[in-house]
Amino acid sequence: MEERRAARDGHDDSDPRSSHPAATEPDVRFTLANERTFLAWNRTALALVVAGLGIVQLLPPFPGVPWGRHALGVPLIALGAVVSVTSYLEWRRNQAALRRGAPLPRSVLPRVLTATIAGIAALSAVVLLVSAAR
């Protein structure tokens, strides 16, 4: 009976070398949903990097604000890097929780993304106002 269960779920709980001796294989739908979420966050990260590069390289300079393009674009590029790395770490945490049958941990990404984008929007308004005043 124990051998059949181990063969079915891919884990031998009696094997001390097993990396997750108390873990069980989660329903494949949850694993795939976790992966889709990871990929969605990475698409967001890629969009942030591309937007930042576009601002720095393609946007015409703001009159009277030579630092404006870099002030807006570089934080977007950095945020893209942070989102990419954090999404992988969250994917791993979620996968481990699924295997343990534990509740999924809360994600920090929505708060980080919201705060940073709101800050960049406010900075954009300041750059535009300073540029218009000159």
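Note: hydrogens, waters and symmetry copies are ignored here, and every other heavy atom, side chains too, is used. Quick caveat: nothing in here was measured; it's all calculated off a predicted structure.
- Side chain of Arg69 to backbone of Leu59: a donor-acceptor contact under 3.5 angstrom is found.
- For Tyr88, the ring-ring contact (aromatic ring centres under 6.0 Å, His included) criterion is met by Trp91, not counting sequence neighbours.
- In the hydrophobic clustering, where aliphatic and aromatic side chains (Ile, Leu, Val, Met, Phe, Trp, Tyr) are joined below 4.5 Å either directly or transitively, Phe30 groups with Leu98, Leu104.
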(Q) Between His70 and Val56, is the side-chain contact (heavy atoms from CB on, under 4.5 Å) condition met? List the steps. (A) CA-CA 6 Å; His70 286 86; Val56 171; 3.6 Å; yes

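- Scored by the salt bridge (charged side-chain N to carboxylate O under 4.0 Å, His left out) test, Arg93 finds Glu90 as partners (sequence neighbours excluded).
- Across all non-hydrogen atoms, the minimal contact from Gly80 to Ala45 is O-CB, 3.2 Å.
- Distance check: Asn94 CG to Glu35 CD gives 12.5 Å after rounding to the nearest 0.5 Å.
- Trp41 and Val83 get closest at one heavy-atom pair: O-CG1, 3.5 Å.
- Each salt bridge (Lys or Arg N to Asp or Glu O under 4.0 Å) pair with one or both residues in residues 70-89, not counting sequence neighbours, would appear here, but there are none.
- Cluster annotation: Leu89 and Phe38 are assigned to the same hydrophobic cluster (Ile/Leu/Val/Met/Phe/Trp/Tyr, side-chain heavy-atom contacts under 4.5 Å, transitive).
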Which atom pairs, one a donor and one an acceptor, fall under 3.5 Å between side chains of residues 110-132 and the rest of the protein, sequence neighbours left out?
from, atom 1, to, atom 2, distance (Å)
Arg111, NH2, Ser107, O, 3.2
Thr114, OG1, Pro110, O, 2.7
Thr116, OG1, Val112, O, 2.8
Ser124, OG, Ile120, O, 2.8
Ser131, OG, Pro63, O, 3.2

All N/O donor-acceptor pairs, side-chain side in residues 46-53, below 3.5 Å, sequence neighbours left out:
none

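- Cluster annotation: Leu76 is connected to Val65 through the hydrophobic network of ILVMFWY side chains, with a link wherever side-chain heavy atoms come within less than 4.5 Å.
- By the 4.5 Å heavy-atom criterion applied to side chains, Pro26 and Gln95 are counted as neighbours.
- Side-chain heavy atoms closer than 4.5 Å link hydrophobic residues (I, L, V, M, F, W, Y) into clusters, and following such links, possibly through other members, connects Trp67 to Ile55.
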